[in-house]
Amino acid sequence: MKSTIEKLISTALAALPPDLLSAEARAARPEVERTRDASHGDYASNVAMRHAKAAKQNPRALAEAIISALPADPSVARVELAGPGFINFHLTAAAYHAELGAIIDQGASYGIQPPASGEKILLEFVSSNPTGPLHVGHGRHAAYGAALANLLIAAGHSVHREFYINDSGRQVDILAVCVWLRYLERLGEDAPFPSNGYKGEYLLAIAASLEAEFSHKLRQSAAAVRDGLPLDEPEGGDKEQYTDAIIARARALLGEEGFRKVVDHSLSGMTADIRSDLAEMGVTFDRWFSERSLTTSGAIDESLKRLEQSGHTYRKDGALWFRATEFGDDEDRVVERENGMRTYFASDIAYHLDKRLRGFDRLIDVLGADHHGYVARVRGGLAAMGEPPDSLEVPLLQLVNLYRGGEKIAMGKREGNFVTLRQLRHEVGNDACRFYFVMRSHDQQLDFDLELAKSRTAENPVFYIQYAHARVASVLRQLAERGLEYDAARGRANLDRLTEAHERKLMVALTRYPEVLALAAATRAPHTLVNFLRELANELHGAYAAGNENAAHRVIVDDEATRDARLSLFQATRQIIRNGLAILGVSAPDTM
RNA sequence: GCGCCCGUAGCUCAGUUGGAUAGAGCACCGACCUUCUAAGUCGGUGGUCGCAGGUUCGAAUCCUGUCGGGCGCGCCA
C-alpha cells in the first residue's frame, strides 16, 4: 500500500515543470509514512516541505502543485493539504479489502520481498568460546541473530549464518588440560587442578567420554604431573605461570600427538554441546568456521602479507605491528608476537578478509557490547587490505539480567554460578526464550523475568500474542461445533461489511505488516516486530471482546455474509501473527 | 583520562532514522462483566523527553557542552 503512494508521488513529481523542482529532488524516493492521527488520513508525505527550500517555494504552494499533478488511483479516496505542507492521503475501503485479500492469497509469503533482490550478507553471531556451555547472554545473541537473519531474508537479502569457533590458542590448551585432569581424577589420580582452569561440571561429561574413547591410554600418574611444577596462586605462586607450566607438563607427558587428541576430543565435545543447545532452541548455522583452519589454509599468512606489502605494518620490540591508528583506532596493534605466534587479532582480520573474498557485500558481526573496542581495529584491518570498511557492520548487544519475580539472580562467570542457556530453556520454554531475548532494543539492557515468562496471563506478551492466534483457531472450532462452515469466497465478496471501529483498526494494523518488516530489517531491530505483534494481538482481542459487549459484533453471527467477512479478517490476522512469530522463531499454537 | 551505549509517565519500555497534540504494558482510580465460556473488558489520572545551549519551517530524535548510570580500553580470546 505504501509503495502505491510512493509511486503516485514520484509520478506527480516527474510531471512538475522543470523549473519548479531539481532533477535530484524528482529522483529521490519520497518519504511516506503512516499517520498517527486518523484525521490526517492513512498516509502522509512531507515531500513538499523537504524540497521547498531548494525549489525556493512556499511549502504549501509546492504541495498544492504536487497534489494537482497526482494521477488518480482507485485506492486513494482523497488527498488533502494540511498543516505546514503535509500531503495527506485518505485511502478507500476497497484498498484495504484488496490488501486483506492479498494476505489471504499470499499466506506465508505475504510481506516478503523476492529472494536475492538485496545484498549478499554474511551474518556472524554467537561465536562463543568452545571452553564452556552457552549461558543466558549467548541466548540473546542466538535469538537476535536468528531473528535478524529471518528479517534480512524477508527483506530480500541473501543471508549466510556463520559461527566462528575459537579453536586455537592458549584457552583451548587450558580446556584440554582441565578435561585431562578430570579424566585422571576419574582414574583415581589426585590431579592438581589449576585455580584459573574451567571448573564447571560440564567438563566431567567430556572427561567421561574421553575415558570411554581412550580408556587408560592417556593415563599418567599424579606424581608425574605434579613433579617440579611452580606454585599455583592459592599457594602463593602465579596462576598464569602455573597454568602454562601444567600445559607444558601435559604436552611433555602425552606427547604432541597425545595432547592433540585430548584437545580435539575436548573441542568436539564442547562444540557438539553448543550446537545441540542452539539447535534445540531452533537456531542453526550454515557454517561453523574454524579459527584453526585459517592457520592451516595460509589465510593468516596471506592477510599479513597484504598488510605488509601495502606498508601498513612495522617491526618494534621484535613484534610485527599493524598501524591501526592510521585507520581510526586508538593505538597500533600487534599481529605477530616476538615469539612468532600470531595474535587473535591476526586471525580475526584474516577471517574478515576471507569473508570478503567469499563474495559477501556486507559483513554483520553480532557482538557483546563489551567488545565494542575491537570494531575499529577490524574495520581498520579491512580498510588496510583494500576492502571497504563500511562493509562491516556490528550490532552490539547489551547485557541480560535474570529476575525471578522481581528479584535479581546473581550471576558471575568467575564463581561458576552462571545460569546456562539450557537451564533457562528448560525452565521457561523455547518460545518464551526466543521472544524475551528480542523483546527489547538490542542496545538496551534486558531484564528477563522468569516468572513473567512462564505465566499464562495477558501480562506475559508472548502468551498474549500466541493466545490471539489460538483465539482465531478457537472461533473456527466454535463454528464447526455449531455445524457452520467458513465460506472464504463469500467472505472475500463481503469485506465491505467490516465497518465496525474495531474491525477497521484491525484491518489497518494488518496492512502495516510489510512496512514493519522492512523497517525492522533495515534497522536490524527485531523488537520492532515484537511491538507490532503486540499491537496486532491487542486489536484482535479488542475486536473479539466487542462481541462480548454487543452480540451483534460477534464473529459468529447469523448473517452469513457478515460472518464470513469477519472470519476472513480473523483468518488474515492469524496469518500475519503466524508469519511474524515465525520470523522471531516462536511457535503459533492453535490451542494454549 | 579516552571511547561506546543508555537517560522518555511511579515502574518496565516503544517512539516509523527530523514531522502534526509524545505512546503501550504494569501500578493507581472508576465503571462494566455468568460470556462466540481461556478473570477479563471499557474509560480515566499521570510527562519541562536528565540539564543548558545550538542547527531549521519543525527536535525526544541531529550538533556542542554538562550531569548521572552501564560497559570497554592486553604481544588474552
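Every value quoted in this text rests on a predicted model; they were computed, and no experiment measured them.
- For the P atoms, the distance linking G15(B) with G53(B) amounts to 28 Å, nearest Å.
- Between the C1' atoms of C13(B) and A27(B), the separation comes to 15 Å (whole Å).
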| Passes ring-ring contact (aromatic ring centres under 6.0 Å, His included), F86(A) versus H40(A)? Steps please. | CA-CA 9 Å; F86(A) 287 105; H40(A) 296 145; 7.5 Å; no
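- Taking 90° from 0 as the syn/anti boundary, the base of U17(B) is oriented syn.
- Ring orientation note: the planes of Y351(A) and F289(A) are tilted relative to one another, at an angle of 30° to 60°.
- Counting to the nearest Å, the P atom of C73(B) and the OH atom of Y344(A) are 13 Å from each other.
- A donor-acceptor pair is defined here as one N or O able to donate and one able to accept, closer than 3.5 Å; no such pair exists between the side chain of T325(A) and the backbone of D330(A).
- Ring-plane geometry between F345(A) and F322(A) is classed as tilted, the angle between the planes lying from 30 to 60 degrees on a 0 to 90 degree scale.
- For R292(A) (side chain) and I165(A) (main-chain N/O), no donor-acceptor pair under 3.5 Å exists by modelled atom type.
- Within 4.0 Å of D317(A), counting heavy atoms only, lies at least one base atom of the nucleic acid.
- Residues satisfying the ring pair (Phe, Tyr, Trp, His ring centres under 6.0 Å) test with F448(A), not counting sequence neighbours, are Y436(A), F437(A).
- For L367(A) and C4(B), the CG to C1' distance is 13 Å, given to the nearest whole Å.
- Under the side-chain contact (heavy atoms from CB on, under 4.5 Å) criterion, D443(A) pairs with S441(A), sequence neighbours left out.
- Side-chain polar atoms of E291(A) and S347(A) form a donor-acceptor pair below 3.5 angstrom.
- Taking atom P in both G70(B) and G10(B), the straight-line distance is 22 Å, to the nearest Å.
- Secondary-structure stems of RNA chain B, taken as three or more successive Watson-Crick or G-U wobble pairs (i with j, i+1 with j-1) under a 3.5 Å distance threshold, comprise B:1-7 with B:67-73, B:10-13 with B:23-26, B:28-32 with B:40-44, B:50-54 with B:62-66.
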Letter by letter from the 5' end, nucleotides 9-24 of chain B scores (B base, S sugar-phosphate only, - none; protein heavy atoms under 4.0 Å) ---SSSSBB-BBB---
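- Distance CZ (R377(A)) to P (G72(B)): 14 Å, rounded to an integer number of Å.
- Here C75(B) presents its P atom at 15 Å from CZ of R170(A), a figure rounded to the nearest Å.
- Atom CG of L399(A) is separated from atom P of G69(B) by 17 Å (rounded to the nearest Å).
- Contact annotation: K53(A) does not reach the phosphate of U56(B) (side-chain N/O to OP1 or OP2, under 4.0 Å).
- Backbone-only engagement by E291(A) is indicated by non-hydrogen atom pairs under 4.0 Å involving sugar-phosphate atoms exclusively.
- With A77(B), C71(B), C75(B) as the choices, the nucleotide that has an atom nearest any side-chain atom of W321(A) turns out to be C75(B).
- On the C1' atoms, U37(B) is 35 Å away from G46(B), given to the nearest whole Å.
- C63(B) and U17(B) are spaced 16 Å apart, taking the C1' atom of each and rounding to whole Å.
- Protein atom CG of L452(A) is 10 Å distant from nucleotide atom C1' of C26(B), rounded to whole Å.
- The distance from atom CD of Q398(A) to atom P of G7(B) is 11 Å, rounded to the nearest whole Å.
- Across the P atoms, C49(B) and A77(B) are found 48 Å apart, a figure rounded to whole Å.
- On a pure distance criterion of 3.5 Å, a polar donor-acceptor pair joins the side chain of H372(A) and the base of G3(B).
- Counting heavy atoms of neighbouring residues, nucleotides and ligands inside a 6.0 Å radius, atom NZ of K505(A) does not exceed 12 of them.
- Closest of all the heavy-atom pairs between H527(A) and M439(A) is CB-O, 3.4 Å.
- Summarising the geometry, the separation between CG on N550(A) and P on C42(B) is reported as 14 Å, rounded to the nearest angstrom.
- For the pair R490(A) (side chain) and A561(A) (backbone), a donor-acceptor distance under 3.5 Å is absent.
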List, with names and distances, any nitrogen or oxygen atoms from the protein found under 3.5 Å away from nitrogen or oxygen atoms belonging to nucleotides 35-38 of chain B.
unit_1 : atom_1 : unit_2  : atom_2 : d
U35(B) : O3'    : R554(A) : NH2    : 3.3
C36(B) : OP1    : N548(A) : OD1    : 3.3
C36(B) : OP1    : R554(A) : NE     : 2.5
C36(B) : OP1    : R554(A) : NH1    : 3.3
C36(B) : OP1    : R554(A) : NH2    : 2.6
C36(B) : OP2    : R554(A) : NE     : 3.4
C36(B) : OP2    : R554(A) : NH1    : 2.3
C36(B) : OP2    : R554(A) : NH2    : 2.1
C36(B) : O2'    : Q478(A) : OE1    : 3.0
C36(B) : N3     : V555(A) : N      : 3.3
C36(B) : N4     : Y544(A) : O      : 2.3
U37(B) : OP1    : Y544(A) : OH     : 3.1
U37(B) : OP2    : Q478(A) : NE2    : 2.4
A38(B) : N7     : Y467(A) : OH     : 3.3

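- When only modelled atom types and interatomic distance are considered, D348(A) and Y374(A) share a side-chain donor-acceptor pair under 3.5 Å.
- Using atom P as the reference point in both A31(B) and C51(B), the two lie 37 Å apart (nearest Å).
- Residue pairs meeting the ring-ring contact (aromatic ring centres under 6.0 Å, His included) criterion with at least one member in residues 539-559 of chain A, sequence neighbours excluded: Y464(A)-H541(A), Y467(A)-H541(A).
- U16(B) sits 12 Å from U61(B) when the P atoms are compared, rounded to a whole Å.
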